[in-house]
Amino acid sequence: MPAFVVGAVVGILFFVGYRYYSSYLARRVYALDPAFVTPAHRFNDGVDFVPTNKHVLFGHHFTSVAGAAPIVGPAIAVFWGWGPALAWIVLGTIFAAGVHDFGSLAVSVRHKARSIGTLAGEVINGRARMLFLAIIFFLLTLVNAVFAVVIGNLFVANPGAVIPIVLEIPLAIFIGIYIYRTRSSALLPSIVGVLVLYALILVGNAFPISLDGWAEALGFEQTRNLWVVLLFAYTWVASRIPVWVLLQPRDYINSHQLFIALGVIALGVIVGMDTIEAPVVNDVPEGAPSFFPFLFITIACGAISGFHSLVASGTSSKQLDKETDARYVGYMGAVGEGSLATGSVLATTAGVAATQADWEALYPDFATASGGATGNFVNGVAEFANNLGVPLDLATIFAAVVVISFAATTMDTGVRLQRYVVQEIGELTGIRVLARNLTLATTVAVVIPLAMALLPGGGEAGYTFGVLWQLFGTTNQLTAGLALSVIAVWVTRRGRNPVAVLVPLVFLLVMTSWALITNLRNFVEAGQWVLAPLDAVIFVLAIWLMVEAALSLRSAFRDRGRAVPAEDPTGGGEESAVARANPEHGDSTAGPTEGPGGRAGR
Amino acid sequence: MSSRVVLVRGTRSAAPAAGGCCGGDVRLFDEGGGAHRHPPPADDVGAVYRALRSALPADVDVQVVSPSNWLWLLPELVRGGRRRGLRGAALRRSVRAGMAVSSVLVDGVPVASGGLPEPAEVVALVGRRLAPR
């Protein structure tokens, strides 16, 4: 089947989902009120709380949620065939991710733009905050571990990408300092940065760098592991320097790359008229994981990702101009990520192979599929770029550079976030040195995922990566489960029909638990004593989440008939911590510029 | 038509965003852990925003935009420049000035570029620009 037809059908389904289902959610489930005074207006401080044009906010929200993760998961999941992978992406985006991302934003806005961690404590109970912290700790550990492995694999497979990626670091620092010193536009330097980066592909192609000799000399079993060690050493340093020096200018470069990659995939598919060579449903070999339940945790980002609730409730909700904008920003953010995941499916089923036999050689078993997934995406996108006239060897390095840039930025931010979590855990457990000592907190944030990336041996490397990826997907789904629990309780207490939230919540909890139990049995039987305890701990978190969700929902259903105090349409109530931190301008609702609804500036 | 004032954030206060799933711009906590976030020192955009918001009439839209959000900023500046009759090199100069960090735009036309003046001065600059409306 022509890939562009599949892409167009998915696009139409996403449009229908946005047009009708998100409209239903907005009216009947979240009951958005255009007159509600959002926290951006109530606590308007021009820093964190700023009423923002919905298109501006969508740009920020989308670039915060779209990255490497929705590429890798689908690239592995096409192992079960493109039909199940695409069906989960489409149904997940429309009925799960849209509900979750939109709902996180809507509930947060009604609770003074509090983050999902705080909301879990408020809406469910105090224990839920601790549960949130534990889930996030494992989520970030696994994020950093899997992306280190992804980058390591890509460096080994594409030695031509090493020079561009390594030189992107001083390039970004130079751009950051240039913008800071000259206070000039970020656009031109970042475009020049992208051009220089792509020019460096020529250099990288001429001088590929392999660490095989060093890895052997240093006693590493695989060259990839040496890259993993180097990457964590780099993130230990990078996560401690100010964001405007490296992270932010690289963000500028990445934001261009995101659109370039999406454009190359869309145009390449149309121009090349590539056809999908993978089977609709793959007849997987005996002993391979079944697509029920593993497909649903292999594709997390791209179908539903709990991480989006952190973005929606953490920053986007503080900038929502009108409550009704939550539909566009939240639901469309999910659709944007689903589109990227669809691109990944097309690249790994149409771009990467010319015949079904070629494709089957790339996906013969789960281990090979997992180990080679990102490389297959890179080669698929390279084929699409080749359709547009870019020589294949350069196109391959280009695609690798795009994926590595995203993954490296995710690692930089992930280690930084993990450091905050480690410090928070130090605070809660009374281990003050952990809370106060930045070096120690960063080291802990780096060493644990490093161990996860290196230690789980005892199996084929590709298989091990595949299960690590599934554990990452599981923790991401548990984060989504926690956010959906908060949303479901909130909706139920208001006497509205919670089915739209309960269905994805129950589905996710069943799939994650099923996968965790199956994997636990497999790990124990295989004697994998790193993965088994990790799986068991995550399973305990899943059970804990189910108990908390069930208890709070039971209580919400019991209270359903009783009068629930409606939110003050003027957004009044207790101030948030961030607003309290800005007392001189905490409450602007009484300001002279407010309109009748208390909304300024529109 | 109501007017729009745009404040382009400085390099230090614009949050990094393109970390992507799972590493974008997030706040894990509102309290407690928030203390560990070590946010970069905010630039003056907040004070300028508040001064403008309290001085300008409600029908004037005030937006704060990250300098990385060129997809929104660029058309805004081109439209503003064209409305003012700018073409060619003059339009390019106007767009460049408006895309600079810490800038102030009124209806797509830069009135301050590459650094935010004191809030009172920005209010005066914007007021002068809006006066002929």
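In this text, all values refer to a predicted model and were calculated from it rather than measured experimentally. In what follows, chains are A, B, ... by sequence order, proteins preceding strands, each numbered from 1.
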When rounded to the nearest 0.5 angstrom, what distance separates CG in L77(B) from CG in L187(A)? 10.0 Å
Let me confirm one number: the CG-CZ distance from D45(A) to R53(B), rounded to the nearest 0.5 Å. 14.0 Å
Using the salt bridge (Lys or Arg N to Asp or Glu O under 4.0 Å) criterion, which residues pair with E122(A)? Sequence neighbours excluded. R114(A)
Taking all non-hydrogen atoms of both residues into account, name the closest pair between N53(A) and Q63(B) and its distance. N-OE1, 2.6 Å
Show the nearest heavy-atom pair for residues V64(B) and V56(A), with the distance to one decimal. O-CG1, 4.5 Å
Region of [X] in contact with chain B, defined by heavy-atom distances below 4.5 Å:
{"X": "L428(A)", "value": "neither"}
{"X": "I136(A)", "value": "side chain"}
{"X": "T52(A)", "value": "both"}

Over 60° means perpendicular and under 30° means parallel, so tell me whether W70(B) and F259(A) are parallel, tilted or perpendicular. perpendicular
Among L188(A), D412(A), L340(A), I425(A), who wins on heavy-atom pairs under 4.5 Å with chain B? L188(A)
Are more than 12 heavy atoms from other residues, nucleotides or ligands located less than 6.0 Å from atom CZ of R240(A)? yes
Only pairs at least two apart or in different chains count here, so list each salt bridge (charged side-chain N to carboxylate O under 4.0 Å, His left out) that has a residue in residues 66-76 of chain B. R4(B)-E76(B), E76(B)-R79(B)
Using heavy-atom distances under 4.5 Å, tell me whether L74(B) contacts chain A through its side chain, its backbone, both, or neither. side chain
For chain A, find which of S103(B), A100(B), G115(B) contributes the most heavy-atom pairs closer than 4.5 angstrom. A100(B)
